[in-house]
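Here is the structure we will look at, set down as structure tokens.
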Amino acid sequence: MITETHKKLMQGVEVHENRNGLTVLRLHYTADSSKNEEGIEREAAKYGGKQSAFWRSEYEIDFGARRGGLVFPIFNPSIHCIPPMEEIPEEWPKYRVIDPGFRNACACAWFTVDYDGNLILYRELYKRGWKIESLAQAIKAMSQREKYQYTLIDPSAFAKTLAGGGRSVADLFVNEGVTVSPAYRASHKKDQFYPLLELLVPQENGEPRFKVFNICETFVSEIMGYRWKEARADGVEPEEPVKLNDHLLDCTFYMCAAVDPRRVAE
């Protein structure tokens with residue numbers, strides 16, 4: 001009978017030989033004697049703390065950490081949601097981000113960066129079944145007379161479509177007076193999360209660098225319900241979220257990838 005062996009070589013280092021004769025070395029961060037508890041706590045904070053799925057999967061070698069759990073358990077309305085301002089200062093840079101859709105809804109999010117380098121989501125639009133002409137008019141009406149650094153859109157919107165008469169979704173928005181540029185999208189969905197996660201983590205003063213007006217109820221609902229997929233029947237652990245109710249989140253991922261609010265505020 002072939003058995004599995006396991007040996008602990010030193011702190012943080014273990015070696016396994018599985019039933020197929022394959023030797024596996026398990027290397028944990030505690031094997032590095034230069035890492036003290038204070039430094040580990042600082043590093044963990046960037047991932048949302050030691051209990052977050054990000055930290056447990058990346059550092060604790062917990063392959064089931066992301067299974068079915070919340071993607072952003074660190075989001076807390078009591079610290080991330082703020083009352084709307086009567087007027088946003090004109091000198092604060094402003095941005096729009098569009099995640100187009102028809103059956104799956106179209107979302108547009110408005111962002112600004114304050115004097116302290118905080119990224120603020122201050123307005124949202126979420127519509128299902130609207131044609132681009134109507135969406136563009138609604139976006140322009142809600143934008144009032146604000147000036148924007150740029151308006152980003154999901155990069156897939158630049159693909160030509162038959163439904164658009166050989167034009168892309170981006171072309172149709174431009175034709176309606178909403179000039180758009182392609183957003184950056186990482187090849188793996190999970191890689192889009194880290195810029196937002198870093199902004200969600202409270203700083204030494206207890207304040208995060210991402211805030212949202214509490215009137216943006218759709219976004220708050222999305223981020224508080226955003227979950228990792230459950231494990232498949234064959235036991236494979238997922239590293240992808242459930243693709244549901246995430247359009248304003250996608251807008252936010254694109255914004256966080258495009259802007260480092262600390263540099264904007266300098």
Side-chain angles (χ1 to χ4, degrees), residues 71-72 75 77 80-81 84-85 87-88 93-112 119-186 189 192-193 196 210-227 240-259:
V71 175
F72 298 106
F75 183 86
H80 292 102
C81 294
M85 301 171 60
E87 185 175 357
I88 296 175
K94 300 173 182 67
Y95 311 84
R96 297 180 299 196
V97 186
I98 302 171
D99 185 40
F102 184 76
R103 294 186 183 88
N104 294 325
C106 175
C108 183
W110 284 257
F111 298 89
T112 189
L119 181 64
I120 301 174
L121 169 57
Y122 67 94
R123 187 183 298 141
E124 67 177 23
L125 172 67
Y126 186 91
K127 295 294 182 181
R128 190 183 302 274
W130 279 29
K131 293 184 178 180
I132 290 175
E133 293 83 356
S134 299
L135 288 166
Q137 294 307 313
I139 289 171
K140 289 192 292 184
M142 293 176 67
S143 298
Q144 304 165 12
R145 296 183 178 180
E146 293 176 343
K147 296 181 180 179
Y148 303 98
Q149 303 296 312
Y150 45 74
T151 300
L152 299 176
I153 195 169
D154 186 311
S156 63
F158 286 83
K160 306 296 181 180
T161 65
L162 292 176
R167 296 173 297 173
S168 68
V169 169
D171 291 333
L172 298 176
F173 271 105
V174 172
N175 289 344
E176 294 298 323
V178 179
T179 302
V180 292
S181 301
Y184 169 75
R185 181 172 60 196
K189 186 74 175 183
Q192 298 181 42
F193 302 158
L196 173 58
F210 175 86
K211 298 184 179 182
V212 53
F213 282 3
N214 56 23
I215 57 173
C216 298
E217 296 178 352
T218 304
F219 170 83
V220 173
S221 175
E222 285 188 359
I223 193 170
M224 293 188 70
Y226 201 47
R227 291 184 175 275
E240 293 292 325
V242 176
K243 181 61 180 172
L244 182 69
N245 300 328
D246 61 355
H247 303 291
L248 285 161
L249 266 171
D250 279 344
C251 291
T252 307
F253 297 149
Y254 295 147
M255 189 75 262
C256 292
V259 169

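No experiment lies behind these values; they were computed from the predicted model shown.
Contact of the Cys81 side chain with the Val220 side chain is registered, since non-hydrogen atoms from C-beta on lie closer than 4.5 Å. When side chains are defined from C-beta on, Phe72 counts as touching Leu196, because their heavy atoms get closer than 4.5 Å. Counting only heavy atoms from C-beta outward, the side chains of Lys189 and Phe253 approach each other to under 4.5 Å. Two residues are said to be in side-chain contact when any heavy atoms from C-beta on lie closer than 4.5 Å; Lys94 and Ser143 fail this criterion. Between Ile153 and Pro100 the shortest side-chain heavy-atom distance falls below 4.5 Å. Using a 4.5 Å heavy-atom threshold, the side chains of Thr151 and Phe173 count as separate. Between Asp250 and Asp154, the closest side-chain pair of non-hydrogen atoms is not below 4.5 Å. A heavy-atom distance below 4.5 Å is found between the side chains of Val178 and Ile98.
Expressed to the nearest 0.5 Å, how far CG of Asn175 lies from CD1 of Ile132 amounts to 9.5 Å. Separation of atoms CG (Leu125) and OG1 (Thr218) is listed at 9.5 Å; rounding is to 0.5 Å. Note that CG of Asn245 and OH of Tyr126 are 5.5 Å apart. Values are rounded to the nearest 0.5 Å. Considering CG of Leu248 and CD of Glu124, their distance stands at 5.0 Å, rounded to 0.5 Å. Within the model, atoms CG of Leu249 and CZ of Phe193 stand 8.0 Å from one another, a figure rounded to the nearest 0.5 Å. Atoms CG and OG1, from Leu119 and Thr252 in turn, are 8.0 Å apart once rounded to the nearest 0.5 Å.
Minimum interatomic distance between Gly101 and Cys106 (heavy atoms only, all atoms of both residues): O-CB, 3.5 Å. The minimum heavy-atom distance between Glu176 and Glu133, with the atom names listed, is OE2-CG, 3.4 Å. Across every non-hydrogen atom of Ser168 and Ala157, the tightest pair is CB-O, 3.3 Å. Here the shortest heavy-atom pairing between Pro182 and Leu152 reads O-CD2, 4.0 Å. Nearest heavy atom pair, residue Pro77 against residue Met224, reads CG-SD, 3.6 Å. Considering all non-hydrogen atoms of both residues, Lys243 and Asp246 come closest at NZ-OD2, 3.0 Å.
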Could you give me the CA-CA distance, side-chain angles and deciding distance for Tyr184 and Gln192, then say whether side chain to side chain contact (heavy atoms under 4.5 Å, CB included) is met? CA-CA 9 Å; Tyr184 169 75; Gln192 298 181 42; over 6 Å; no
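Atom CD of Glu146 is surrounded by more than 12 heavy atoms from other residues, nucleotides or ligands within 6.0 Å. No more than 12 heavy atoms of other residues, nucleotides or ligands sit less than 6.0 Å from atom NZ of Lys147.
The backbone N or O of Pro93 sits less than 3.5 Å from a side-chain atom of Thr112, completing a donor-acceptor pair. One N or O on the side chain of Arg123 and one on the backbone of Met142 form a donor-acceptor pair closer than 3.5 Å.
No option in Tyr122, Phe75, Phe219 other than Phe219 meets the ring-ring contact (aromatic ring centres under 6.0 Å, His included) test with Phe210.
Residues passing the side-chain contact (heavy atoms from CB on, under 4.5 Å) test with Val174, sequence neighbours excluded: Val180.
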